[in-house]
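First up is the structure itself, then whatever we jot down about it.
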There are 2 protein chains.
Amino acid sequence: MTTMKEIAAAVGVSTATVSLVLNGRDKGRVKAALAEHVRRTAEELGYWPNAIARSLRTNRSRMLGFISVEVATTPYAGGMIQGAQDAARRHGYMLLTVSADDAATMRDEIDALKRYGVDGFFYSTMSNRRVDIPESLDDYPLVIVDASQRTAEEGGNDSSRRFPSIEPDEFRIGYDATSRLLDAGCRRIAYIGFAADDDSIGAANDNGATTAAGDAVDGAVGAARDGGAAGMANGDAVANAGSLAADPTVAQAGRLAGYLAALADRGVTPDPAWQCNVGTNGAALAAVARLFEEVKPDGFFCFNDSRALYVYEQAARHGLEIGRDISVVGVDNHRVLAETLSPQLTTIELPHYEMGYWAALQLISMVEGRELSVADAPAMTAPLPPLEWPVADDDGNDSSASTAPGSLDVKIHCTLIDKESVAPAAGQ
Amino acid sequence: MTTMKEIAAAVGVSTATVSLVLNGRDKGRVKAALAEHVRRTAEELGYWPNAIARSLRTNRSRMLGFISVEVATTPYAGGMIQGAQDAARRHGYMLLTVSADDAATMRDEIDALKRYGVDGFFYSTMSNRRVDIPESLDDYPLVIVDASQRTAEEGGNDSSRRFPSIEPDEFRIGYDATSRLLDAGCRRIAYIGFAADDDSIGAANDNGATTAAGDAVDGAVGAARDGGAAGMANGDAVANAGSLAADPTVAQAGRLAGYLAALADRGVTPDPAWQCNVGTNGAALAAVARLFEEVKPDGFFCFNDSRALYVYEQAARHGLEIGRDISVVGVDNHRVLAETLSPQLTTIELPHYEMGYWAALQLISMVEGRELSVADAPAMTAPLPPLEWPVADDDGNDSSASTAPGSLDVKIHCTLIDKESVAPAAGQ
DNA sequence: GTGAAAGCGCTAACAT
DNA sequence: ATGTTAGCGCTTTCAC
């Protein structure tokens, strides 16, 4: 491994000079010809800076910790990580990815990452929800991906800093999907939503509960429409305080609110019986079967593509052809299903890659204390909002951080990919 | 951040003494009482070693590079990485995960990882296949995960070292799955196999091609049965030389061979028409539909759970109940589908977590030049073979590496999870 | 403009 | 048995 010392010896200068030149700080300090000589020699000798030595000296590692909850079971985590990695690499950073499913592991992993000297953190979850950021991360630059921070009023960490986050615009997902179905002529539009498995029977399939849930979310429509995450501070979220387990309440409430708002805007009165919040497997399939038999919807908006599968199964069972007899729009959480059904299923794509990319740019700009150009982002399907975040001063005090604007929570628009699962003018 | 210097000052000894004690090298060098004092002070001051400084000094970073091809699109990569990470953490290592889909990116990522000073590499692919390890990795400890190395005879890098690898026992997957169906009483057992999308029509659905393919694989049965990967050195693999793209030939050939062998062992003569190698989406669905109509199998062994979906869809369409009218066994490549279908679909689980875990133990043992205990592996469903690999000497020469035994390719047994999709005694 | 020197936090060889 | 010293490769004053 070539070192600066060797280059210095070869050229006949000091290592200081080599360092200046190779770091581009030679402007007006080193004669151009000499600088050129140094650069050429470095090239010839195949020199690469030793990242570790540099880190020791500068106290910057150019490494970023990517903490995610439940990567192992999350098929789309890869896209997010890939996006973050691509952006990171482009700016000379490397990712240390780590997964933590419980508080103890989380603490250990954070400690480990700190000891390895990461410059900042990503904090990401398996499904969009409100999270508490561990206090031990308070002193570091951090960006939340596919989640947002629980406020103190919601029972969150009140001591904690406010961190920027990026998440899908859940309300708009529901709104766009439902609008697409309405455009196609559907009038009895079902929502196959999310319910935790242990109460998949309860919620939407029993009439009383359905109405209650419908009402609760109904009240949230106005707020959600303004881009706020109000209405998600519900009992469930609070009950799950401190837990790292899956809890897609934000996604569920947001998409449902969008669904209801779209119906309302088009003068369609939603029937609570159209809502079918299900868990997985047999019970879910049975619930969807009942929906087919009792409600006979002509359109289906599915919380995710995994749930769309139940609709496909039941359609087959009932001899209905999707894209002719009924229409289906799903949210593409799971790339696997895209592999199997993509040419058929109209989906709203969750821009995991883009969120990861954006988050990395944001994080690096925080770490380096300068704005980053978003221009070089490759193949970004979703528009990136401007980066903004108060910068730490030299003492490491992020003086203005605690007063950071709420707008740090960026909601990213997700595009609808039209496929044959939606009939031009559906009707049963 | 507390440093050794501060501890040394507080205790009144030199940093050298502190270093010895804190690294457990004080046995017979430092008085027990003093050592205890040092340890207590370190604890009180909240000391944690600075990994970067240590790395600079020791030339070991305790970081491992995890190179994977196409993580972003691979839902199960998470499990593998999780396994590797858990094992790594347990031994004080950290993972730098990186994904590369083309040769240029691969080169860049490898360079970057080297500069960050990783001690060794994982090399993993999206689906079990024969790979060439980039020559630039020849000087590092490396373990291949869910893949194996192409030999020179197969057209591989002849200059390269032989690296240990871990992969599923594909032959046995096919054998076990098919045996399970035979046990249940199935006699017309279809194989829904893998075909690249662009020729999903060609191979198994046209009679001539089917026979040819069947024959080719047939010849490989004997070899595969012995645990060798022979028969996989086929035209496809060679044609894909140097490409990083998906090419599940090993998995496809292995599972098919196992399927054929199981049938043969039970005296069932396989009909080439039973083989239905498909790609994805509409064409795949149509091919499976034809199979249902023309062949009417009573059992289905599916290359993966994604392909099992087509069977579920067609069963629904034909009013057949899975687990009563027909039986299905799939390979659980995609955890997402397990979420949706697991209580129904009998699967052979690919032990991604275990492979990652094993690979990490193997890699760390290579890095540290000592055997690692496998005893502490948590929840390993598959038995781990003993770790073995020649150790580099002090000069960094891995003298014996080039003569490493072929047994370094470890095939891991995958367990079958019985679910209701297989009828106790099926028959149509 | 350039070089000498100090030092980031740690470990290991070499004194005592 | 304990301490002293040198130095990993780099950056960064500060002299010249």
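Quick caveat, the model's predicted, so the values are computed rather than measured. Below, all heavy atoms of this structure are taken into account, side chains as well, without hydrogens, waters or symmetry copies. By convention in this document, chain letters (A, B, ...) are assigned in the order of the sequence lines, proteins followed by strands, and residues within each chain are numbered from 1.
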Exercise for review: Would you indicate which nucleotide in C:dG9, C:dC8, C:dG3 comes nearest to any side-chain atom of B:Lys5?
Suggested key: C:dC8
Point to revise | Heavy-atom closest pair, residues A:Ala359 and A:Ile166 | key: CB-CG2, 4.2 Å
Point to revise | Closest non-hydrogen atom pair, A:Val145 against A:Gly356 | key: CG1-N, 4.4 Å
Check your understanding: What is the distance, rounded to the nearest whole Å, between atom CD1 of A:Ile52 and atom C1' of C:dC8?
Key -> 14 Å
Point to revise | Contact under 4.0 Å: A:Ser19 side-chain N or O vs D:dT11 OP1/OP2 | key: yes
Check your understanding: Going by number, which of residues 33-44 of chain B have a non-hydrogen atom under 4.0 Å from DNA chain D?
Key -> none
Practice item. Spell out, as yes or no, whether a donor-acceptor pair under 3.5 Å connects the side chain of B:Thr41 to the backbone of B:His37. Key: yes
**Study point:** For atom CG of B:Asp26 and atom P of D:dA1, their distance in whole Å
**Key:** 11 Å
Review point. From B:Leu363 CG over to B:His91 NE2, what is the distance, rounded to the nearest 0.5 angstrom?
Key: 11.5 Å
Check your understanding: Considering heavy-atom distances to DNA chain C, does B:Arg57 or A:Leu56 have its closest nucleotide positioned more toward the 5' end?
Key -> A:Leu56
Point to revise | Separation of D:dG9 P from A:Asn59 CG (nearest whole Å) | key: 20 Å
Review point. Under a 4.5 Å cut-off applied to non-hydrogen side-chain atoms, are B:Ile133 and B:Phe121 in contact?
Key: no
Practice item. May I ask you to verify if any side-chain N or O of A:Thr17 is less than 4.0 angstrom from the OP1 or OP2 atom of C:dG3? Key: yes
Review point. What does B:Ser14 touch in the nucleic acid at a heavy-atom separation under 4.0 angstrom: a base, only the sugar-phosphate, or nothing?
Key: base
Practice item. Describe the nucleic acid contact of A:Gly117 in one word from base, sugar-phosphate, nothing, applying a heavy-atom distance below 4.0 Å. Key: nothing
Check your understanding: Any sub-3.5 Å donor-acceptor pair from B:Thr105's side-chain atoms to B:Asp101's backbone N or O?
Key -> no
Point to revise | Atom-to-atom span, CZ of B:Arg29 to C1' of D:dT4 - whole angstrom | key: 13 Å
Review point. What is the distance from CG of B:Leu22 to P of C:dC10, rounded to the nearest Å?
Key: 9 Å
**Study point:** 5′-ward residue of the pair B:Arg25/A:Lys31 relative to DNA chain C
**Key:** A:Lys31
Revision key, fill the gap. Between CE of A:Met4 and P of C:dA4 the distance, given in whole Å, is 16 Å
Exercise for review: Check every atom of D:dG9, C:dC10, C:dC8 against the side chain of B:Asn50 and return the nucleotide holding the closest atom.
Suggested key: C:dC10
Check your understanding: Do A:Ser55 side-chain atoms and A:Arg60 backbone N/O form a donor-acceptor pair below 3.5 Å?
Key -> yes
Exercise for review: Would you kindly give the CZ-to-P distance between B:Arg62 and C:dG9, to the nearest whole Å?
Suggested key: 21 Å
Check your understanding: Which is true for A:Thr3 with a 4.0 Å heavy-atom rule: it touches a base, it touches only sugar-phosphate, or it touches nothing?
Key -> sugar-phosphate
Review point. Which whole-number value in Å describes the distance from B:Ile7 CD1 to D:dT2 P?
Key: 17 Å
